[in-house]
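The sequence lines fix the lettering, A, B, ..., with proteins before strands; numbering per chain opens at 1.
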Amino acid sequence: MTEVVATNQTILVVGGGISGMTAALEAAECGKDVVLVEKNPVLGGRVSQLYRYFPKMCHPVCGLEINQRRTKMNPRIRVLTMAEVTGISGQKGDYTATVKISPRYVNENCTACGECAKAAETDIDDAFNYNLGKVKAAFLPHKMAYPQRYVVAPSVVGTPEGDKIKAACKYGAIDFGMQEETLQLKAGAIVWATGWKPYDAAKIQPYGYDRFSNVITNVEFERLADPHGPTGGKILRPSDGKEAKNVAFIQCAGSRDENHLRHCSRFCCTASLKQTQYVREKFGDEAQSTVYYIDIRAIDRFEDFYAKVRADQSVKFVKSKVAKIVQDEKTGDVVLHGVDTEGYHRYANTHDLVVLAVGMDPEVQGAQVPAEVAADASGFLVSGDANGGIFGAGCATNALDVNRAVQSATASALRAIQVINKVASVEG
Amino acid sequence: MAEQKVAAYICQGCGLGDRLDTADLAKIAQKEGKIAFAKEHEFLCNADGVQLIKNDIANEAVTHVVIGACSRRAKTEAFTFEGIHVSRANLREGVIWVRPDSDEHRETTQEMAADYIRMACAEAKKVKVPEVSPERGGNKRILVVGGGMSGMTAALEASKAGYQAVIVEKSGELGGWAAKLHKRIPFNEPFQDPQETGVAEMVAAIQADSNIKVYTNAVTSKTSGAPGRFSVEISQESGPTTTEEVGAIIQATGFTTYDIAKLPELGGGKSSNVVDQAGLEALMKAANGGAIKRPSDGGEVKTVVFVQCAGQRDDTGTHLPYCSGFCCATSVKQAMYFKDANPDVDTVVLYSDLRLPGNNEDFYRNAQRKGVTFSKGKVKSVEASGNQCKVQFHDLILNDENAAIADADLVVLATGQVPNSGTNIDLFQAAEAEALSGTNPDAEAKIAELKVVSVLNLQYRQGPDMPQLKHGFTDSHFICFPYETRRTGIYAAGPVRRPMDIAQATEDATGAAMKAIQAVENAAVGRAAHPRSGDLSYPSFRKEGCTQCKRCTVECPFGAINEDENRYPQFNEERCRRCGTCMGACPVRVISFENYSIDSIGSQIKAVDMPDEFSEKPRILILACENDAYPALDMAGMNRIEYNQFVRIIPVRCLGSVNTIFITDALNSGYDGVMLMGCKHGEDYQCHFVKGSELASYRMSKVDDTLKSMNMETERVATYEVAITDIERVPKLINEYAAKIEEIGMNPFKGF
Amino acid sequence: MSEMKYHNNFLKEVEERVEEGHMVKMCMQCGVCSGSCPFGPHWAHPPQELFMMIRAGKREEVLSSDSMWMCTSCYQCIVRCPRKLPITHIMHGLAYLAKREGLAPKGQPTAEFGQMFWDNLTKDGRVNELKLSLSLYFKDGFGQGVKNAMAMQSVGMGLMKAGRLNPMEILGGHKIKDKSGFHAMLKKAREIEDARRKLA
């Protein structure tokens, strides 16, 4: 049974991505007690699934390492993984949250030695790689996984394979007796940092994401470009494994569209600029990238980055919202139809691969916050103190890039501390 | 303090017991490591193993624990004991997982493990659990420089958390630019129309808040001290100079608008009917609820043209190269001023990319609904004739190069934000160097000129203001850490940090207040700030040995070290980030930390068992940055990627902490080669301590001469930039280097 | 009137006089409509460009354009438009305005057929299909008409066999009972519409 001591001077942080980790760390490093709840088996969230960051082209796991070290070193943070907040009652300064913890089937004895994975036979979808690859039914989500502890898929529980996996562990870390459990936690303030999910590209019917194998999303492209991704960092298109040297990037795939997401998702222009450089990195002078855009939103010094990409001969920009995509069944090539609106030029351009720059759907959409909270028309939580002692942080509050999400999370940590300090001053 | 007692614990789990002779390792720890005792355990990280260690700490007065098991990155929580130093010998990720499991390799694998045990014991004996610095400030007040939206927000938010704040505002009133606005860009649902700025309410809230003290017509004329004990002289235009003691500082000094007189081709400075966005706000305020009149003659305004990116996004090097981000939404707002007053006024926004992220898309839509025309076009010229202006542009959609609006009554140039960041300390340092070397007779005048514009007037060895990142903004270079600052306890917020609108500035100021509060709390208990958060160690130095060479004061990436009146370094511990760059810089090696020193690294280097030159067993030392290179090496182990058996790896806080003595010590002790692995440096640096890896590579370039004078091959010392993702590359680098060393041959100094 | 370019005069006219004309200003120039139109390659100006021309005040060019006459009401543009502009409706509205202003391109087949259809329909209150077909065939002269009719002969015969085309319609065909009432209704409707759209 998981035991967590929490009081109404504890800050509950929901979501262990970069925003949640930041909020938790900033508060804990200020001397506050924090419980960090993450629904996945590991911390890190979506940024850990990115190959590089714009505009520096540096690696997100670099910051993750620092944040994980800060977390490991700080006794004030308790981390609950595979945990979801299902209910919140009470009010500012005195909340009770119900947390459901799913069984990991691996306890704290796990040394991450990997023997269980060797014993596992079945392959399951690799969620870390957006299901572009497979992992064994006993797996470490990724190399920097924290907690550094394996996970056993529920599908093998009670099977001969499960027994084999259990037998392979010399440390008694595999525990099929684990049950789903529910905890009640006290908290004075709650930071809601559940992040975002990529907009469901299949809903953009003319782009055929659900019909054409060589139409993928920007988040999937990150995994293709990553040397630790399913293709070992080779940009290979799904239909035939051919190197995709000629790549189209379609901006506003879902965003700025009243049929889909009414807001601009902010990060996708700069993300695509970055991804053109992946193509460049892999294929040198043979690389060809075309960015189809309405407006390139490279704000502040991201403009420098845009200028750099514009100067790259391998990258072309077409001011156009692509009308439709057709994939040639024989060649696997994808043809984009549309009109370059700068002077009206009709095109039917052939590419090896299409990357849809899908936008941010707030994760709170569909997975409602289990409490009364104010959100805007897009489903983003209203930030500030409109929601009592529940404070949105990061992409749960707005479409933000990483840097701005961390800013927002830092601000939310202070808002939570304001509540906690008030509780403390009353209680002494 | 209790007597030092070191105990070692060798784990047999995860295959260590099968692959290594753990009894031999325990013996080596005890005999060669000269420690109190060593124990083996079949599964050290489980409850039983951890209890074993805890019992020894309680019953045997063990003060220093050596763990011979997995990497320091694994099982950290299990192997953390309060008040106890722990040295980790990385036998799993660093030995058995990177070496093949076969009889022929058994001997060298065991040697590797044995050396790591020796090294961990050597380290443990040379370090102390750091005791909190006695010199630390406990002041928890927050100074906010600048009383605009960012500054007011920071002060109010700090106050709400129970902290006192002091605002120093240069002008006569609080409010900054926001107070000059008619309305602001909408910041909440439904994001349709301009909203009230709320400045008056904020000013009232500040005046009513007993936690907040305000100085107007005031500047910070002198700032000295460190987090928890800053002393700030506040000079008021008329009145006495006051000194305020504060714990942390938020610089929210905002921006100045780009001077439109620099844009004569767009009519800037040529006609009173050409204004910038601030000018339009002034006209709106002056109209006092009535219609805006044409400035030149008070005539009716029927047509307004907004020129976006005026003097911005400029690639010619003449104007601002960046995008200020707020100006598209501001033009939308200002076009609405006209449309809301009179829908018959024609308003055209000429843009190259409309940049309205997030919910500002709704604001844009509403402007269109109100009849604002948006056209993608490149403005070529704005010419005044009589009381009207002719705006000529290339309409990019209609591909009309000669598009023109001939009768604009008012042209609004959307110019950018220029940060009020004070002195550019890079120029300041350069001028100082010139003055010192006498190469420039005007250097003194230049220094004086640079000092005049200073905002904080920091009494820091490295200059009077915060270091600037790019285009004059005082921003962080780190994407994951936007508040990462190179002056501990001082945080920039708002448009001085990065161009931004009010909504972002208030969020930013709240975050900066969080960091400032954290800084005073850390300072009060002697804890380091990010990235070595919580570290209680601090640099100490042996004054007698110091030659006053100033290397430490110049090289400290955080400007932590001043020079006292006798020219000795003065370590301001609360400013220190514990990277050890000073320790790496010091040529006479008088700087150290209780838990990290020349001695603690040096004795690890020397602890390695050195085979003789005929053994065909070279030794290669790797000094690896603990932030990126070491994790990459670890993950190579987790992926079971083999690398050479002759390397011995020591993690360092930063490559900047690598003193050249480590290199000479290593070569003198018989190592055949030294590899240094640090983060990327240069423009897109990755070093968590900003300059550490760059300084290291500079120092190592000097090592070449030493090597030559020793008659040694320069290849014996090699520096690499390694990213945390170089999981496959690092083993390759090691193996290539080992092959190189084999080619060059053994170190001729072996055994001397 | 180049000095009136980029003023809202024409946009306002469109708003008043064109069905759904008030939505023209909502276009953000993404071009998805232009790329989606199956007839796109045959137009001088795609919708998004027309909308920009309207905002730029290019009245003559817009109303004399053949573009809006090509619309087949497939609604692809409407379905895809991220701003939900009723583009199809606007195109037809623009065509109507152009026609009324006498600016519709001369000899534009869709425009001509539209007029024939209207004349045919309003004459007796019923569409006389045979006469409509013949007037279409013979619109470019007798010789061409005979050729057209011959080319379509088998189709015509087939329709007749199936009872879908009555050759006796040539003599007059169906009429509605109250023709004058019908014409009065049309007149009234036109008056109302003209007043509303300021087309009088």
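Judged by distance alone, with hydrogens and angles left aside, the side-chain atoms of R355(B) form a donor-acceptor pair with the main-chain N or O of A298(A) at under 3.5 Å. A donor-acceptor pair under 3.5 Å is absent between the side-chain atoms of R70(A) and the main chain of P531(B), judged by distance alone. A donor-acceptor contact shorter than 3.5 Å links the side chain of Y171(A) to the backbone of C14(B). Under the 3.5 Å distance criterion, the side-chain polar atoms of N109(A) are left unmatched by any main-chain donor or acceptor of N46(B). Looking only at distances, a side-chain donor or acceptor of D295(A) sits under 3.5 Å from a matching main-chain atom of L354(B).
Of the options D362(B), N359(B), N360(B), a side-chain contact (heavy atoms from CB on, under 4.5 Å) to H263(A) is made by N359(B) and by none of the others. When each of H59(A), H228(A), R52(A) is paired with T725(B), the side chain to side chain donor-acceptor pair (under 3.5 Å) condition holds for H59(A) and for no other.
Looking at A413(A), both its backbone and its side chain come within 4.5 Å of chain B, counting heavy atoms on both sides. Interface residue F191(B): only side-chain heavy atoms are found under 4.5 Å from chain A. Contact of E303(A) with chain B is made through the side chain alone, with heavy-atom distances under 4.5 Å. Residue E82(B) does not touch chain A at all, counting heavy-atom pairs closer than 4.5 Å. With a 4.5 Å cut-off on non-hydrogen atoms, C268(A) does not touch chain B at all. There is no contact between F473(B) and chain A, counting heavy-atom distances below 4.5 Å. Heavy atoms closer than 4.5 Å to chain A are found in the side chain of H688(B), but not in its backbone. In this structure, the portion of Y685(B) lying under 4.5 Å from any heavy atom of chain A is its backbone and not its side chain. Using a 4.5 Å cut-off between heavy atoms, R497(B) contacts chain A through its side chain alone, with no backbone atom that close. Looking at P147(A), there are no atoms closer than 4.5 Å to chain B (heavy atoms on both sides), in backbone or side chain. Heavy atoms of A513(B) lying under 4.5 Å from chain A belong to its backbone as well as its side chain. Of the atoms belonging to L469(B), it is side-chain heavy atoms, and not backbone ones, that fall under 4.5 Å from chain A. In this structure, chain A has a heavy atom under 4.5 Å from the side chain of K470(B), while its backbone stays farther away.
Side-chain contact between N399(B) and E342(A) is absent, with no heavy atoms from C-beta onward closer than 4.5 Å. Contact of the R73(B) side chain with the K72(A) side chain is registered, since non-hydrogen atoms from C-beta on lie closer than 4.5 Å. Side-chain atoms of L414(A) and K160(B), non-hydrogen and from C-beta on, never get closer than 4.5 Å to each other. Contact annotation: the side chain of M144(A) approaches that of I724(B) to within less than 4.5 Å [non-hydrogen atoms, C-beta and beyond]. Contact of the F326(B) side chain with the I299(A) side chain is not registered, since no non-hydrogen atoms from C-beta on lie closer than 4.5 Å. Looking only at side-chain heavy atoms (C-beta outward), K515(B) and T410(A) come within less than 4.5 Å of each other. With contacts defined as side-chain heavy-atom distances shorter than 4.5 Å, the pair D376(A)/N188(B) does not qualify. Counting only heavy atoms from C-beta outward, the side chains of R365(B) and E258(A) approach each other to under 4.5 Å.
When all heavy atoms of I18(A) and C480(B) are compared, the closest pair comes out as CD1-SG, 3.8 Å. Contact between L356(B) and R297(A) at its shortest, heavy atoms only, is O-NH1, 3.0 Å. Contact detail for A74(B) and Q148(A): the closest heavy-atom pair is CB-OE1, 3.3 Å. Of all heavy-atom pairs between Y306(A) and R313(B), the closest is CE2-NH2, 3.4 Å. In this structure, E521(B) and C30(A) approach most closely via the heavy-atom pair CG-SG, 4.0 Å. Listed here is the closest heavy atom pair of K376(B) and Y293(A): NZ-OH, 3.2 Å.
Side-chain polar atoms of D300(A) and H471(B) form no donor-acceptor pair below 3.5 angstrom. Inspection of the E26(A) and Q518(B) side chains reveals an N or O donor paired with an N or O acceptor under 3.5 Å.
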request  = Could you give me the CA-CA distance, side-chain angles and deciding distance for E507(B) and Q407(A), then say whether side-chain hydrogen bond (donor to acceptor under 3.5 Å, both in side chains) is met?
outcome  = CA-CA 7 Å; E507(B) 195 76 354; Q407(A) 253 174 270; over 6 Å; no
message = As a quick check of understanding, evaluate side-chain contact (heavy atoms from CB on, under 4.5 Å) for R415(A) and T510(B), giving each step before the final call.
response = CA-CA 8 Å; R415(A) 293 184 182 117; T510(B) 309; 3.7 Å; yes
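In terms of heavy-atom pairs under 4.5 Å with chain B, the best-connected choice from R149(A), K319(A), Q68(A), R69(A) is R69(A). In terms of non-hydrogen atom pairs under 4.5 Å with chain B, the most contact-rich of D401(A), N398(A), V61(A) is V61(A). With chain A as the partner, the residue from I727(B), I517(B), N522(B) showing the most heavy-atom pairs under 4.5 Å is I727(B). Of the residues considered (Y146(A), F54(A), Y51(A), F302(A)), Y146(A) shows the highest number of contacts with chain B, using heavy-atom pairs under 4.5 Å. Counting heavy-atom pairs closer than 4.5 Å to chain B, the top-ranked of the candidates I420(A), V382(A), I296(A), I417(A) is I296(A). Looking only at heavy-atom pairs under 4.5 Å with chain B, the residue among V402(A), L25(A), T341(A) that has the most is T341(A). Top candidate by heavy-atom pairs under 4.5 Å with chain A, chosen from L398(B), V520(B), V525(B), D475(B), is D475(B). Contact count against chain B (heavy-atom pairs under 4.5 Å) is highest for R404(A) among E115(A), K170(A), M73(A), R404(A). For the options D628(B), T80(B), N639(B), heavy-atom pairs under 4.5 Å to chain A are most numerous at N639(B).
Taking SG of C62(A) as the reference point, atom NZ of K680(B) lies at 11.5 Å (rounded to 0.5 Å). Atom SG in C58(A) sits 9.0 Å away from atom CZ in F478(B) (nearest 0.5 Å). We find the CG-NE2 distance between N67(A) and H530(B) to be 7.5 Å, quoted to the nearest 0.5 Å. Here OG of S408(A) is found 11.0 Å from CG of D508(B). Values are rounded to the nearest 0.5 Å. Interatomic distance, CG of N403(A) versus CZ of F481(B), reported as 11.0 Å (0.5 Å rounding).
We find that E108(A) and K75(B) are not joined by a salt bridge, their nearest charged nitrogen and carboxylate oxygen being 4.0 Å or further apart. Using a cut-off of 4.0 Å between Lys/Arg side-chain N and Asp/Glu carboxylate O, K143(A) and D634(B) are scored as not salt-bridged.
The neighbour count for K56(A) NZ, taken as heavy atoms of other residues, nucleotides or ligands under 6.0 Å away, is above 12. By the neighbour-count criterion of 12 heavy atoms within 6.0 Å, atom CE of M57(A) is densely surrounded, having more than that number from other residues, nucleotides or ligands. The neighbour count for E728(B) CD, taken as heavy atoms of other residues, nucleotides or ligands under 6.0 Å away, is above 12.
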